[in-house]
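The basis for the numbers below is simple: all heavy atoms, side chains too, and nothing from hydrogens, waters or symmetry mates. Counting starts at 1 for both ligands and their atoms, following the listed order.
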Amino acid sequence: MNMNLTAQQLEIRDLLREKDAILLAHYYQRGEIQDIADILGDSLALSMEAARTEARVLVFAGVHFMAESASILSPDKTVLLPKPDAGCPLADTIAPEALLAAKQDHPRTAVVTYINSSAAIKALSDVCCTSANAVKIVNSLKDAEEILMIPDGNLARYVSGKTDRKIIPWGGSCPIHDRLAAAEVLAMKAKHPRAVFAAHPECRPEVLALADYVGSTTGIIRYAGQDSVTEMLVGTEQGVLHQLRKQNPGKTFIPASEQMLCEDMKRITLMDIRDSLREMKHVVKVPDEVRIPAKRALDRMLSLS
Ligand code: SF4
């Protein structure tokens, strides 16, 4: 951890010790939050690590569905989301009623649900997936005639191109990744001809077609560490540039678009974390009637990964 911490960062570290808490931060969080996190990662990795810790309290610097995943996997711990209105517009593209109706229309369809979804949606799903394991999960569902992939249509189309299974994509998308246009990438490539282009599978198919590497946030960070990569156009949320630059001094990282900023991911500030810890407020708790079936879908994913 960076030793040159500000007074507010030090105060949070003291509060974490006092409350028997750990701070989990997603790669898309503000840099000053990433710098004091106990665990830094993508959404699933954070929740899995959190389930292993002895700490009594989990402070989740991320968005609501991530705090729910932590609650699903760690029901005995107190999970705090310092800004309760930090949501995910992608997760909001599907409501339980709409999924129930789709299941009625396609009774022989397996529902594969991206981790970026609410606990209520996970609870109605056959299995969850991440951007890293989606192809493997889909290929493992041998008995399903067709597969409904929710909620991200771009991820579903990406998986569809990597498998011979029949995939029905849901119409949702992440507005941050979906806003990256192929023309913008081509213009950036012309400006930085030596840079490789890495993109997240939540981007549009025509953007992914221009990428040297397609993968999850963790995958992009790993790819950036390769010796052959010295300059990279980054096709995902800009928060990841903080880690890319920290872990790879001497290499150049350029956002593929200045527009790839998730307002929800940037809602939480250091002050919110301090206040939430001080008052132990903004608890996220998934009730058992949702938690148990949602955990089943997550556990199935883990067993197939
Ligand atoms: Fe949701 Fe996209 Fe923001 Fe991630 S970057 S929290 S998927 S809106």
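Although no hydrogens or angles enter the test, the distance criterion places a donor-acceptor pair under 3.5 Å between the side chain of Gln34 and the main chain of Gln29.
More than 12 heavy atoms of other residues, nucleotides or ligands lie within 6.0 Å of NZ in Lys285, so this atom counts as buried by the packing criterion. Counted within 6.0 Å of NZ on Lys295, heavy atoms from surrounding residues, nucleotides or ligands total 12 or fewer; the atom is thus considered open.
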Enumerate, atom names and distances included, each donor-acceptor pair closer than 3.5 Å involving a side-chain atom of residues 92-104, sequence neighbours excluded.
unit_1	atom_1	unit_2	atom_2	d
Thr93	OG1	Leu90	O	2.6
Lys103	NZ	Leu124	O	2.6

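Each of Thr236, Asp264, Asp42 was compared with Tyr28 under the side-chain hydrogen bond (donor to acceptor under 3.5 Å, both in side chains) criterion, and only Thr236 meets it.
Counting only distances under 2.8 Å, and ignoring water, the protein N, O or S atoms around atom 2 (Fe) of ligand 1 are Cys174 SG.
The two residues Ala119 and Ala294 come nearest to each other via the heavy atoms O-CB, 3.7 Å.
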